Amino acid sequence: MKVLVPIKRVVDHNVKVRVKADNSGVDLANVKMAMNPFCEIAVEEAVRLKESGAVSEIVVVTIGAKAADEQLRTALALGADRAIRVETEEDAQPLAIAKALKAVYDKESPNLVILGKQAIDGDNNQTGQMFAALAGLPQGTFASEVKVEGDKVQVTREIDGGLQTVELSLPAVVTTDLRLNEPRYASLPNIMKAKKKPLDVLSADEVGVDFTPKVKVLKVEAPAEREAGIIVGSVDELVEKLKNEAKVI
Amino acid sequence: MSVLVYAEHDNKALNAVTLSVIAAAQKIGGDITVLVAGENANAVAEEAAKAEGVSKVLLADNAAYANQLAENVAELVAEVGKDYTHILAAATTSGKNFAPRVAALLDVNMISEISAVESADTFKRPIYAGNAIATVQSDDAIKVLTVRGTAFDAVAAEGGSAAVESIDIAKDAGISSFVGEELAKSDRPDLTAAKVVISGGRGMQNGENFEMLYNLADKLGAAVGASRAAVDAGYVPNDLQVGQTGKIVAPELYIAVGISGAIQHLAGMKDSKVIVAINKDEEAPIFQVADYGLVADLFDAVPELDAKL
């Protein structure tokens, strides 16, 4: 069984982003970049499936500029076998990314596609579902447990009211939530080995997708700051303030 | 303009978040049609018909929609929605699940989790875990949007008298099936709709200590939430998580107990009207957003607060 894992290069989750002074976007100059945390969980799940014997090959794919090779190499060091980068300098949006993934899917014919539920930059939470629709595949989004059984996969999903389990016919799409697993770190020998693993580059023309952004970003602003309030000295003072000043209890 | 609002429900009652989505639809303008897809969901359709501002309710009643499987629902919504200028769903785990499929089937882009309507084609939405707010514009013929419920004041649940029309469209993709669900049973109000929310963090130390918060919550008619740290540590189930990747809440009163205030968590609660923080670490970032901070050991302060309310 083959697994395809789409990943994304994003700003490191420890970086506190700042909005640019001209409100054209957030300032990404000289900030640390990393693999999107939900994508790390997707790679980890694929590697665990391979270790369990259910999966024989893991292919990672990303859509982006050459710098994203760094994240593909990380995925290879974590246990993926091959990598593909679809080349674009554009800030690709989910529908275009989903179309590119569909082209890669048609070429690779994987049995399972595992990807992060959202990227921590755009917070869109769209790509997996869009790709699934374009490919006509079932989806198990926000997964906290994945069990492959024959030609089906059972996915336990984190939903607003608790947990839901669905059964999907393979091939299928799974998007990862935080509690699916805890990703490992790449070992130094594996980082060295990853440098020799194959990494193919496809052009936008080869996948037949126009990556020009269609949803226009008019401006990006910092959120309204909350003013810090006061420190109360005791529970009595807190109760008094909530009753008489804030009038919320 | 014509707006299709997808109703969120459990086949028995309309989820109140739908009233906030209808409010967002009113800001866009035009006729508002509510689509109810479910099984034996007639009562939901009747309820939706009474909501303020709704001109028509479409009811697609079929076993294929009983559990809101995205594969089936998306095909229905794409077929019904192709005659509308806007398709809106709540930014809940259900809306997030099927709406991107609808957009892909219609070959249009989607705008997730809008927090404001600027015009019929321009919307605001949080990005980077709420650390930036983007104003975006779409020129797609059909705009597919999910709506952050807490950002819009719900329309009145009563007063409308829209007609309910049954539509006989059965879409069963046959590639997925519902196995089961474990839903948290609670007599407390729903986290995203509660007027008061009390959340615990890693400072609670274990699940048993959350009992203190449940007691306090019952006294205040509050819902109980948690930080990601508390959920990851296994103190409470995931559906209690407040934060960018959990639930977004904006109650009248939010009480954060033993929560340090990671960006992730703040993104989920900083629109609350009044924020109280109880933490023994006076340097905790939560105090920077709190209206009232109490630097104290929560194991002393919470029982005392409980006793004095």
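In what follows, chains are A, B, ... by sequence order, proteins preceding strands, each numbered from 1. None of these values were measured; they are calculated from a predicted model.
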Greatest number of non-hydrogen atom pairs under 4.5 angstrom with chain A, of Met110(B), Gln288(B), Glu75(B), falls to Met110(B)

Do you know which of Ser177(B), Ala104(B), Ala134(B), Ser94(B) has the most heavy-atom pairs with chain A at a distance under 4.5 angstrom? Ser177(B)

Heavy-atom proximity to chain A below 4.5 Å, by part of Ile263(B): side chain

Please report, to 0.1 Å, the donor-acceptor pairs under 3.5 Å made by any side chain of residues 265-275 of chain B, with sequence neighbours excluded.
unit_1    : atom_1 : unit_2    : atom_2 : d
His265(B) : ND1    : Val242(B) : O      : 3.0
His265(B) : NE2    : Tyr254(B) : OH     : 2.8
Ser272(B) : OG     : Met269(B) : O      : 2.6

Given a strict heavy-atom distance threshold of 4.5 Å, which part of Leu178(A) is in contact with chain B: side chain, backbone, both, or neither? side chain

Relative to chain B, which of Lys219(A), Gln139(A), Arg179(A), Glu221(A) shows the most heavy atom pairs under 4.5 Å? Gln139(A)

Asn72(B) and Gln68(B): CA distance, side-chain angles, deciding distance, side-chain hydrogen bond (donor to acceptor under 3.5 Å, both in side chains) verdict: CA-CA 8 Å; Asn72(B) 301 348; Gln68(B) 304 294 325; over 6 Å; no

Less than 3.5 Å apart, any donor N or O on the side chain of Thr175(A) or Gln129(A) sitting next to an acceptor on the other? no

Just wondering, are more than 12 heavy atoms of other shown residues or ligands nearer than 6.0 Å to CG in Asp91(A)? no

Less than 4.0 Å between a side-chain N and a carboxylate O, is that true for Asp236(A) and Lys241(A)? no

Between Ala172(A), Gly229(A), Pro138(A), which shows the greatest number of heavy-atom pairs under 4.5 Å with chain B? Pro138(A)

Spell out, as yes or no, whether a donor-acceptor pair under 3.5 Å connects the side chain of Asp12(A) to the backbone of Lys32(A). no

Taking Ile120(A), Val10(A), Leu170(A), Val19(A) one by one, which has the highest count of heavy-atom pairs under 4.5 Å against chain B? Ile120(A)

Only one of Val5(A), Val173(A), Ile7(A) clears side-chain contact (heavy atoms from CB on, under 4.5 Å) with Leu115(A); which? Val173(A)

With respect to chain A, which residue among Ala290(B), Gly246(B), Ala129(B), Gly180(B) yields the maximal number of heavy-atom pairs within a distance under 4.5 Å? Gly180(B)

Contact part of Lys96(B) toward chain A, heavy-atom cut-off under 4.5 Å: side chain, backbone, both or neither? both

Less than 4.5 Å to any heavy atom of chain B: does that hold for the side chain of Glu182(A), its backbone, both, or neither? neither

Contact part of Lys152(A) toward chain B, heavy-atom cut-off under 4.5 Å: side chain, backbone, both or neither? neither

With a 4.5 angstrom heavy-atom cut-off, could you sort out which part of Lys124(B) is near chain A: side chain, backbone, both or neither? side chain

Below 4.5 Å from any heavy atom of chain A, which atoms of Ala173(B) appear? Answer side chain, backbone, both or neither. neither

Exam field: side chain Glu158(A) to backbone Phe142(A), donor-acceptor pair closer than 3.5 Å: no

Please classify the contact of Ile159(A) with chain B as side chain, backbone, both or neither, using a heavy-atom distance under 4.5 Å. both

Less than 4.5 Å to any heavy atom of chain B: does that hold for the side chain of Phe38(A), its backbone, both, or neither? side chain

Side chain, backbone, both or neither: which part of Gln241(B) has a non-hydrogen atom closer than 4.5 Å to chain A? side chain

Most heavy-atom pairs under 4.5 angstrom with chain A, which of Thr192(B), Val231(B), Leu183(B), Leu294(B)? Leu294(B)

Is the side chain of Ser112(B) donor-acceptor paired with the backbone N or O of Asn124(A) at a distance under 3.5 Å, no angle test? yes

Positive for side-chain contact (heavy atoms from CB on, under 4.5 Å) with Ser138(B), one of Val144(B), Asp121(B), Ile111(B), Asn109(B): Ile111(B)

Closer than 4.0 angstrom, basic N to acidic O: yes or no for Asp121(A) and Lys8(A)? yes

Atom group of Thr122(B) that falls short of 4.5 Å from chain A, counting heavy atoms: side chain

Among Arg228(B), Glu113(B), Glu252(B), which residue forms the greatest number of heavy-atom pairs with chain A at distances under 4.5 Å? Arg228(B)

Evaluate the criterion side-chain hydrogen bond (donor to acceptor under 3.5 Å, both in side chains) for residue pair Asn97(B) and Thr141(A); output intermediate values, then yes/no. CA-CA 7 Å; Asn97(B) 192 32; Thr141(A) 52; 2.6 Å; yes

Looking at Asp27(A) and Lys20(A), is any side-chain nitrogen of the basic one under 4.0 Å from a carboxylate oxygen of the acidic one? no

Greatest number of non-hydrogen atom pairs under 4.5 angstrom with chain A, of Ile278(B), Asp300(B), Asn238(B), Leu69(B), falls to Asn238(B)

Chain A contact via Ala184(B) - which portion, at a heavy-atom distance below 4.5 Å: both

Top contributor to chain B interface from Val220(A), Val235(A), Asn23(A) [non-hydrogen pairs under 4.5 Å]: Val235(A)

For each of Leu163(A), Val215(A), Leu168(A), Val166(A), tally heavy-atom pairs with chain B at distances under 4.5 Å, and name the one with the top tally. Leu163(A)

So for Val102(B), is it side chain, backbone, both, or neither that comes closer than 4.5 Å to the heavy atoms of chain A? neither

Relative to chain A, which segment of Ala296(B) carries a heavy atom at a distance below 4.5 Å: side chain, backbone, both, or neither? neither

With a 4.5 angstrom heavy-atom cut-off, which part of Ala246(A) approaches chain B: side chain, backbone, both or neither? both

Does any heavy atom of chain B fall under 4.5 Å from the side chain of Val11(A), the backbone, both, or neither of them? side chain

With only heavy atoms counted, which part of Val26(A) is less than 4.5 Å from chain B, the side chain, the backbone, both or neither? side chain

For the interface with chain B, which of Gln126(A), Gln164(A), Lys214(A) has the highest count of heavy-atom pairs at distances below 4.5 Å? Gln126(A)

Among Arg48(A), Glu45(A), Glu40(A), the one residue meeting side-chain hydrogen bond (donor to acceptor under 3.5 Å, both in side chains) with Asn181(A): Glu45(A)

For a side-chain hydrogen bond (donor to acceptor under 3.5 Å, both in side chains) check, start with the C-alpha distance between Tyr292(B) and Glu245(A), then their side-chain angles and the critical distance, and finish with the verdict. CA-CA 11 Å; Tyr292(B) 303 108; Glu245(A) 193 175 271; 2.5 Å; yes

Check whether the side chains of Glu8(B) and Thr92(B) place a donor and an acceptor atom closer than 3.5 Å, and report yes or no. yes

